[in-house]
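Notes follow once the structure below has been shown.
Every chain is numbered from 1, with letters handed out A, B, ... down the list of sequences.
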Amino acid sequence: MRGGRADFDFGQYAASSRLQHQAENFIPFRFRQTVTLYEFARGPALTASLAVLLAGTLWRLARLAARPAPPDLSAPRGSAATGALRGIAHRFWPHPRFGATIGVSTAVGYAYHVGLAVIVFSFLPHIQFIRQLTGLRWPALPDPVTYFAGGLTTAALVVALVQRRGDPVKRMLSRFDDYFSWLVVFLPVITGMALIDVPRGSGNPAVAVHLLSVELLLAWFPFGKLMHALTAFWSRGLTGAKYARRGALP
Amino acid sequence: MSSVQRLVERVGEERVAAAMAAFARDFTREAAVHMDACVRCGHCSHACHFYVSTGDPKYTPINKIAPFLNAYRRTAAPWAPLARLFGTAKPVSLTELERWQELIYDACTMCGRCTLVCPMGIDIAALIARARHGMFAAGLVPEDLGAVAERAELSTSPLGATPKVLKERVAWLEDEHGIKVPLDAPRAAVLVTLSSIEIMKYPKSLVALARVLEHAGESWTISTSGYEATNFGLLSGNRDWQRDMSERVIKAAIACGANTVIVPECGHAYGALRWEGANVHGAPLPFEVLHISEYLAALVEAGRLRLEPLAKSLTFHDPCQVSRRGGASAAPRKVLGALGVELRELGDHADAGWCCGGGGGVVAIKHADGLRRGAFRIKMREIEATGAELAVTSCANCRQSFDDGQAYFKWDRSMGSLLELVAGQLREPARAG
Ligand code: SF4
Ligand code: SF4
């Protein structure tokens with residue numbers, strides 16, 4: 001950095017749009033030449049985080065798949081395939097016997113999982129963003145729904161953190177991964193909520209900060225516990241299959 | 001010097017290296033995916049009788065495999081090189097393994113109840129069984145459990161019920177109870193196996209077995225070269241011994257051409273042969289394996305048991321390895337239905353039942369007594385709450401835990417055997433099947 005300015009040049013990402021002009025008016029500092037923080041977030045940072053996400057996720061899944069899997073030679077009593085599907089499905093809901101003990105923790109978990117899903121998949125700017133990346137599109141829900149989901153998710157994440165620190169079992173089990181993963185989920189929610197009054201498509205640095213926080217999440221995904229978004233299905237499916245073969249239902 | 005003592009004699013690094021080598025064999029895909037998926041929510045603690053009865057976080061199920069998990073993170077996990085680089089998974093030390101001995105052996109009955117509540121479906125009991133392999137290799141199996149396992153490996157029986165003792169017992173029981181036990185028949189449709197606990201402590205079970213089989217007109221035998229159903233190789237964490245113990249029964253069954261092997265009232269014996277037998281044998285088993293409760297249920301279904309009704313209220317304790325982890329929780333209920341008893345289920349039963357606290361070899365570990373008895377109180381409260389006149393189970397090992405609890409707490413309840421209950425209600429004269 002020199003004189004508060006970024007000492008590098010991402011000229012190839014220069015934008016000549018109206019956005020660029022607006023951004024220059026908003027940004028108290030800007031990259032020398034033409035690259036703004038927004039463009040950096042929208043350009044190389046996004047590319048890099050998506051590359052890490054993709055390569056890291058594939059690596060982790062491939063390494064897990066590469067572990068030896070000796071066949072089960074016992075005579076099956078039930079279908080492993082049906083059991084896998086059942087195992088995946090029925091663990092979306094806590095075992096009825098344990099509702100009283102894990103009910104609150106489960107409800108909090110559900111609140112931020114559902115909240116995040118609503119925010120990511122139902123908010124118009126997010127749908128547009130995903131469309132630009134993938135070409136996929138679907139209708140959005142009204143903005144207030146996302147604002148409500150944002151509030152709910154923020155509150156639920158805070159409660160989850162308080163539980164993690166306050167519950168002796170959770171605290172004992174917790175590692176760096178638990179706190180860092182919490183942070184990389186919390187940051188996009190908070191920085192996104194801060195954008196509620198910012199005009200859309202403004203290229204405001206606050207938008208860039210939001211984007212960068214999302215990119216941090218994407219880049220961290222393959223390394224920590226967020227990966228359970230995928231491995232949960234695998235893990236549940238394995239147990240469901242194993243015990244369905246036995247005619248058991250744990 | 002016992003083989004376990006020889007393992008202990010080695011220097012620390014050798015013991016850790018032996019544990020790591022054994023752990024490495026156990027990092028299968030299932031184990032890896034399960035360890036990878038844990039979100040450290042702690043829900044599993046609420047299902048474990050050892051956590052519930054003590055409130056001590058160290059008894060949280062997933063915490064019990066910490067050295068195994070640590071070894072995995074450092075050597076075989078997808079990001080193991082990064083874990084070593086950043087020191088996020090420290091090398092496993094002998095001190096760590098020693099500290100975890102209590103958690104891996106004393107504090108886990110491998111009952112699988114924690115899997116019920118885990119949102120990721122992690123099979124922690126299976127991970128514990130794997131972790132025990134490394135612990136055994138490091139000489140860290142509890143001395144008494146190791147000694148029992150070694151006795152079973154060398155002399156067939158963990159409790160001294162050698163073939164000679166078995167023959168003497170059978171002769172005595174035949175004399176005393178007028179039963180006929182066909183030992184070592186060259187051909188038989190059914191090979192019956194026994195638990196040493198029954199032979200030595202509950203010999204009436206053997207009488208009951210003979211009566212039921214005669215009543216059903218079964219062609220059966222007990223082989224003195226493969227009668228022991230318990231598998232302390234599995235419980236102690238010695239894979240080779242586990243295989244040897246299973247192979248004795250498998251060979252005996254093949255030798256007499258049995259199409260069915262009956263596993264006695266023993267939970268882990270069922271898991272060892274029904275679900276692990278083929279895997280240690282390396283090929284599908286050429287016979288069907290039935291727990292005695294399944295066999296009784298099959299007889300009921302086929303109309304081969306004529307029973308006097310029993311007008312009593314009764315509660316049933318599910319052996320974890322037969323019901324939750326074995327898939328046979330319906331069988332005893334079918335038998336009890338045929339007896340016409342008023343079944344008063346425990347608050348948590350069948351797949352959700354609480355362990356008696358003594359499974360997984362824990363009942364054989366002296367220094368686990370206090371912990372085990374604390375967990376047993378959960379069971380006492382549940383049984384009392386049913387107000388049932390009788391309580392029965394289908395596992396001699398569970399019965400042993402109940403007998404211990406009954407004596408220790410001067411409890412006015414006792415745990416009976418489903419098989420003995422059925423044998424006591426057989427309607428004479430016996431009808432050939
Ligand atoms: S319940 Fe399952 S996911 Fe949660 S801490 Fe226990 S093992 Fe891990
Ligand atoms: S298997 Fe049973 S004893 Fe072992 S940790 Fe799980 S609930 Fe506790």
Side-chain angles (χ1 to χ4, degrees), chain A residues 56 59-75 77-78 87-88 91-92 94-98 101-102 105-106 109 164 167-178 222-223 225 227-228 231-232 234-240 242-250, chain B residues 25 27-34 36-43 45-47 51 55 57-58 60 62-63 76-80 82 88 112-113 115-123 126 274-279 281-285 288-289 323-330 348 351-352:
Chain A
W59 168 259
R60 186 151 155 190
L61 293 176
R63 294 297 295 164
L64 289 172
R67 300 302 315 163
D72 188 344
L73 301 170
S74 61
R77 192 185 268 144
I88 290 168
R91 281 181 204 278
F92 277 110
H95 190 286
R97 168 59 189 81
F98 299 99
T101 40
I102 62 162
S105 174
T106 305
R164 190 159 282 288
D167 179 87
V169 167
K170 285 185 203 267
R171 192 169 59 232
M172 177 199 68
L173 293 176
S174 296
R175 302 161 56 82
F176 168 79
D177 178 16
D178 296 288
F223 298 99
K225 71 189 285 190
M227 187 82 176
H228 77 268
T231 50
W234 199 353
S235 174
R236 292 172 178 186
L238 283 172
T239 301
K242 177 171 160 182
Y243 285 96
R245 282 185 93 262
R246 298 184 179 192
L249 309 165
Chain B
R25 279 185 66 187
F27 297 145
T28 60
R29 187 186 298 158
E30 180 195 288
V33 171
H34 279 169
D36 195 286
C38 176
V39 288
R40 294 174 287 280
C41 64
H43 289 183
S45 63
H46 300 289
Y51 171 77
K58 75 176 177 179
T60 299
I62 197 68
N63 182 49
W79 302 118
L82 294 181
T88 52
R113 197 164 190 270
T115 298
L116 285 184
V117 68
C118 172
M120 302 294 136
I122 296 170
D123 190 351
R274 176 65 179 91
W275 300 115
E276 294 299 328
N279 297 329
H281 184 59
L285 300 178
E288 186 183 19
V289 178
S323 51
R324 178 169 39 250
R325 283 169 61 76
S329 51
D348 288 314
D351 293 333

Proximal component of [X], with respect to chain A [non-hydrogen, under 4.5 Å]:
X: B:D123; result: both
X: B:A31; result: neither
X: B:A328; result: both
X: B:A352; result: side chain
X: B:E288; result: neither
X: B:T28; result: both
X: B:A77; result: neither
X: B:S329; result: neither

Given a strict heavy-atom distance threshold of 4.5 Å, which part of [X] is in contact with chain B: side chain, backbone, both, or neither?
X: A:P68; result: both
X: A:P71; result: backbone
X: A:F223; result: both
X: A:R164; result: side chain
X: A:R236; result: both

> What's the verdict on side chain to side chain contact (heavy atoms under 4.5 Å, CB included) for A:M172 and B:R40, showing C-alpha distance, side-chain angles and the deciding distance?
Replying inline: CA-CA 9 Å; A:M172 177 199 68; B:R40 294 174 287 280; over 6 Å; no

For chain B, the option from [options] that forms the most heavy-atom pairs under 4.5 Å:
options: A:R97, A:M227, A:R246; result: A:R246
options: A:R245, A:K242, A:R63; result: A:K242
options: A:R60, A:K225, A:R171; result: A:R60
options: A:F92, A:F176, A:W59; result: A:W59

Could you have a look at [options] and say which one has the most heavy-atom pairs with chain A under 4.5 angstrom?
options: B:C118, B:P57, B:A330, B:S323; answer: B:P57
options: B:D36, B:T60, B:L82, B:T88; answer: B:D36
options: B:A76, B:S45, B:P119, B:G55; answer: B:P119

For residues [X] and [Y], report the shortest heavy-atom separation together with the two atoms involved.
X: B:G42; Y: A:V169; result: CA-CG1, 3.7 Å
X: A:Y243; Y: B:R324; result: CD2-O, 4.2 Å
X: A:H95; Y: B:L116; result: CB-O, 3.7 Å
X: A:F98; Y: B:H46; result: CE2-O, 3.9 Å
X: B:N63; Y: A:L173; result: CB-CD2, 4.2 Å
X: B:G282; Y: A:L73; result: C-CD1, 3.5 Å

Roughly how far, to the nearest 0.5 Å, is the [atom2] atom of [Y] from the [atom1] atom of [X]?
X: B:M120; Y: A:R91; atom1: CE; atom2: CZ; result: 10.0 Å
X: A:L238; Y: B:R29; atom1: CG; atom2: CZ; result: 8.0 Å
X: B:N279; Y: A:D72; atom1: CG; atom2: CG; result: 4.5 Å
X: A:L64; Y: B:H34; atom1: CG; atom2: NE2; result: 11.5 Å

Please check this pair: side chain of [X] against backbone of [Y], looking for a donor-acceptor N/O pair closer than 3.5 Å.
X: A:R77; Y: B:G326; result: yes
X: B:W275; Y: A:S74; result: no
X: A:H228; Y: B:C38; result: no
X: A:W234; Y: B:A37; result: no

